[in-house]
Structure formats: structure tokens, C-alpha cells
Amino acid sequence: MKDSVIHLGLAGLGTVGSGLVKIIQENSDWITRRLGKTLKVKTIMVRDLDKPRNVHPSPDTHFTTNMDELLHDPDIDIVVELAGGIDFPRQLITRALSAGKSVVTANKALLAEHGPELFELAAQKNLGLYYEASVAGGIPIIQTLKESLAGNKIKSITGILNGTANFIMSEMSEKGEDFAAVLAKAQAKGYAEADPTLDIEGIDAAHKLVILIRLAYGLDFPMDRLTINGISQVEQFDIALAQEFGYRIKLLAQVREKSGLLHAGVYPALLRQDHILAKVDGPFNSILLDGNAVGPVMLYGQGAGDLPTGSAVLADILALSRTDCPPNNTGFLETRLPLADILAPELTVFRHYFRFTVVDRPGVMASIAGVLGEYNISIAQVVQRQYAPDAGVPIVFLTHSAQMKNAMAALDTIKEFSFVLAPPVHYRII
Ligand code: NAP
Ligand code: HSE
């Protein structure tokens, strides 16, 4: 890439692809000043050539539906994959790397599921496979972990990595609305993935967490070993009660290291209202990490959208255009990262929030407290609210730290009592 023009082959001109093209057009002088070269989107691959577009690349930009026109054009220096999905981009990226072209992608699902094989191929070919936009959109977390904090051992990462889920939890907290109504709003605003299950069931955040774990620990943590709980079952009632106790409920993605073992998962959890992540509202994303040298670092910004995500894609293009040094894809020298040693989820320790819906009669509180005591779970706070005489009442316990297997065993025992009227509700407290 020694020429004065860097030619891009772009697959996908949807939200992110359009954002990228807009920034390249609007900031072209600025880019040239930084790079000493100009960027030119030479060819764009889309699914439908007749679709009306809201961005208009230069008149000589060529549109195609044929992948070979990106792969076999010797002018194209970098292939930018912004199509989404798994099968098509997997094939495109594999073939682009095999054809000797560096790749930029925003595709977290692909990297979480098939990252190891793609990074291995990129290493064999000594090519770049860059992915700043794949986690938290415009927030520069990939470069931060790969370069800026490379000298640190990371003790933990806690992130709000899905804007749709955070928007839903924020609206439910602030406006008292129910889950279904707020999800419809998030879809109307364009925050949600095409399949919103990925957002609300925690899978999109889990994809992003797998990518962050690789960068922070140099280890592969397979998706199917993550604990993943979404927010579709979160009730307004618990959000309001948590608020009374001084907490917010957020969908968190978390990895913690202890004695060489990793625990990682995505779950809705209670955060104290004065916790720095509790203030991250709406569709915004944030990542709080703890390095053994730097201490706590927090990043905050827009996790989605055309320009924020396009900004991250462009940063990767500039990085790959600037240097003839060997690319730094994973941040580690191994061609394939080793598997993480994983702490069994039942051995993790958290504080807990339990809600039981029970018959309001003598001895109920004592029976529940007795089971918690049997399982070595210490109660920190408790509240019972009577809403209507003769109706079931909710009792909420906030506990001190307890092992997950004890919490689960206590819930299994308590739910069998005849006075328990509904399945218990349980959240971690962070
Ligand atoms: P999008 O709006 O749905 O656009 C997808 C684009 O790819 C469209 O232009 C489509 O062509 C093209 N395309 C899809 N499948 C294709 C195929 N098989 N062959 C050729 N072209 C194909 O998607 P997006 O929201 O921009 O997302 C792109 C990627 O960025 C995804 O991996 C997503 O997870 C990731 N990402 C998105 C955001 C965000 O804010 N949207 C943020 C971070 C990461 P047509 O236009 O002809 O249909
Ligand atoms: N659907 C994702 C979100 C988009 O809501 O955060 C960015 O990955």
C-alpha cells in the first residue's frame, strides 16, 4: 500500500456502510492530512442493485453483486465487510485473506463464532483482520485493550454492551413502562438488530464479550461456556423495588479473573444507583475495566448508529493503510489463542436479590429465612409489602455474598413450600 490512493472494496451499504461512506466524503481532507494518502471506495457489493440509497459515493464507484469483483481486483487494498450475518461474510473474509487482502469488519457475531479460524488464516498470511466497530460501536475499546493497556493484566471487565437492552431498561426504570411497549419503541428508533432476540436475550452482548475476553486475556472463551441471561423476563415490579433499595437493574456483560480462572457472563443485575455504570442510560454503551497497573478505566459512548460505527471502521482502515509493519490482530503472538480455564458458574460468588410471592400467614418469613441460613446465605435487607388484604405478598431479600450453588439450592428448596405462589425471582447484585 505504497500508492497515494488506498482503494477499498466495501461489502454492504446499509447503516454502517453508508455511515462509513459519508465520513470518508465529509472528512476527506482531514484523512489525507493524517494519512498522506486518499481513500477511495472503488467497488461496493450489495444484495440489491436497484435499491434506493441515501448516500451517493463518487460517480465512478462501481456497484456489484459479485464477490469476485472485490477479491480479484488487484487495485483493492482492503476489503471492508459490513454486510452482517455469518455464512456470507465468513466466505468473503476467508477468500479475501486467501487472496492477500487485509480485512476490516464490524461483525461481532462472526468473530465470536468463527474468530479463531479467521485470525489463524490472517496470521498465516501476515494480513490485518481489524474489528474496532464490532464491540460497542464508536467506543475505541479494541484498540484500548490491544495497544493502550497492553502492559496490564486485566482483572475484570464490566460492560453495558447492548444499546437496545440498555434503552429498554432505562425507559422501564424512568417511565415505568412495560417491557413489550419499550421494545417496540427501541425497534422504531432503529436500535435493535434485525432479530431483536439477539439484543434482548443477551446474545449480542455475549458475542461482544467473547471478543473482549480474547483481547484482555489472550484466551478463547467459547460462547457456549458463557452464562447468558437476557432481559425479556425482567418485570417492572422488580425494577421499582430495586429502586426503593437504591439500585438500578442493567444488562451487564462481565468477566472476572481469579487465581487464573475466568468467570464470564451476560445477565441483568442490580447496580447501586451511585455505581458509575448505573448512570449510563438510553442506548449508550460503556465499559469499565480494571487493570493491575492502570487501575479502573471507563469508556462511554454510542454503541451503534451509522456515524459512530462508521467512525470505528474508518479508524481500522487508517491503521491498516498507514503501516507496512506486521498487523496486530489479536494483540498476542500465538497463531491460535489457548482456551480459557473457566470457573464453574456454580462456584461464582455474588450478592443476591430474591423475590418470593407467598401467602401472608404466620411462619412464612421464618421458614424462608431458615432455608437461607441452612445454605449459609446471610440476609442483608428484607422487605415485605402488603398490597391487598388476602392476596399473595412479595417478600424481597437482599443477601450478603454467597456462592451461586447455595443460592440455587436455597431457591429450589423454597419454591417447593406450599405457601409459595409463583416461581421465585433472582438477580445478581454487582
Ligand atoms: P444493514 O443495515 O442490514 O446493511 C447490510 C448491508 O449488507 C446492505 O447494504 C445489504 O445489501 C448488504 N448485504 C447483506 N447481505 C449481503 C449479501 N449476502 N451479499 C451482498 N450484500 C449483502 O446492516 P448494518 O446495520 O449496517 O450492520 C452491518 C454489520 O455491522 C453487522 O455485522 C452488524 O452486526 C454490525 N454492526 C452494526 C451496528 C449498527 O449500528 N447498525 C453497530 C455495530 C456493528 P442491500 O442494501 O442491497 O440489502
Ligand atoms: N443491536 C446492537 C445494540 C447494535 O443494540 O447495541 C450494535 O451492535
Side-chain angles (χ1 to χ4, degrees), residues 9-22 41 43-55 57 63-70 79-93 95 103-114 131-139 141-142 159-170 183 185-187 189-209 211 230-231 251 253 266 280 282-287 301-313 316:
L10 173 61
L13 192 61
T15 303
V16 185
S18 301
L20 173 68
V21 170
K22 274 188 227 164
V41 183
T43 304
I44 300 180
M45 181 181 178
V46 291
R47 238 176 336 211
D48 177 0
L49 291 173
D50 298 325
K51 199 176 193 175
R53 306 282 165 187
N54 64 4
V55 286
F63 278 77
T64 183
T65 55
N66 180 358
M67 183 190 297
D68 288 341
E69 296 192 27
L70 302 183
V79 169
V80 183
E81 184 279 305
L82 300 175
I86 298 283
D87 293 339
F88 167 73
R90 185 180 180 192
Q91 192 194 5
L92 175 74
I93 295 176
R95 291 188 57 200
V103 173
V104 173
T105 180
N107 194 327
K108 60 260 174 167
L110 177 70
L111 291 179
E113 304 280 356
H114 300 287
Y131 47 100
E132 184 62 72
S134 66
V135 179
I139 301 176
I141 181 62
I142 305 292
I160 293 176
L161 298 181
N162 185 273
T164 302
N166 201 49
F167 173 78
I168 291 174
M169 297 312 295
S170 304
L183 172 60
K185 241 199 251 184
Q187 286 176 297
K189 284 176 179 287
Y191 301 144
E193 296 286 315
D195 173 5
T197 319
L198 296 176
D199 297 301
I200 62 180
E201 294 307 344
I203 299 159
D204 176 75
H207 287 148
K208 295 165 178 167
L209 183 60
I211 295 171
I231 56 165
L251 183 70
V266 175
V280 175
F284 278 81
N285 283 196
S286 184
I287 299 131
Q302 298 190 64
D306 58 351
L307 298 179
T309 313
S311 150
V313 175
D316 281 345

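In this chain, residues are counted from 1 in sequence order. Order of listing sets the numbers, starting from 1, for every ligand and every atom in it.
When hydrogens are left out, the protein atom nearest atom 7 (C) of ligand 2 is G303 O, 3.4 Å; that is the closest non-hydrogen contact. Counting only heavy atoms of the protein, atom 5 (O) of ligand 2 lies nearest to T164 OG1, 2.7 Å. Protein heavy atom in closest approach to atom 6 (O) of ligand 2: G163 N, 2.8 Å. Atom 2 (C) of ligand 2 has as its closest protein heavy atom E193 OE2, 3.2 Å. Considering only non-hydrogen protein atoms, atom 8 (O) of ligand 2 sits nearest to K108 NZ, 2.4 Å.
Counting the atoms of ligand 2 from 1 in the order shown, those under 4.0 Å from a heavy atom of N162 are 2 (C), 3 (C), 5 (O), 6 (O). Interface of A304 with ligand 2, defined as ligand atoms under 4.0 Å from a residue heavy atom, comprises 4 (C), 7 (C). Of all the atoms in ligand 2, the ones that sit under 4.0 Å from a non-hydrogen atom of D199 are 1 (N), 2 (C), 3 (C), 5 (O).
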**Asked** When you look at T64 and N66, which way does the side-chain hydrogen bond (donor to acceptor under 3.5 Å, both in side chains) test go after all the steps?
**Response** CA-CA 5 Å; T64 183; N66 180 358; 5.3 Å; no
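Protein residues are said to neighbour a ligand when one of their heavy atoms lies under 4.0 Å from it; for ligand 1 these are G12, L13, G14, T15, V16, M45, V46, R47, D48, K51, R53, L82, A83, G84, F88, A106, N107, K108, A133, E193, A304, G305, T309.
Inter-residue side-chain proximity for L10 and V21 is flagged as met; some heavy-atom pair is nearer than 4.5 Å.
The distance from atom CD1 of I93 to atom CD of E81, rounded to the nearest 0.5 Å, is 4.5 Å.
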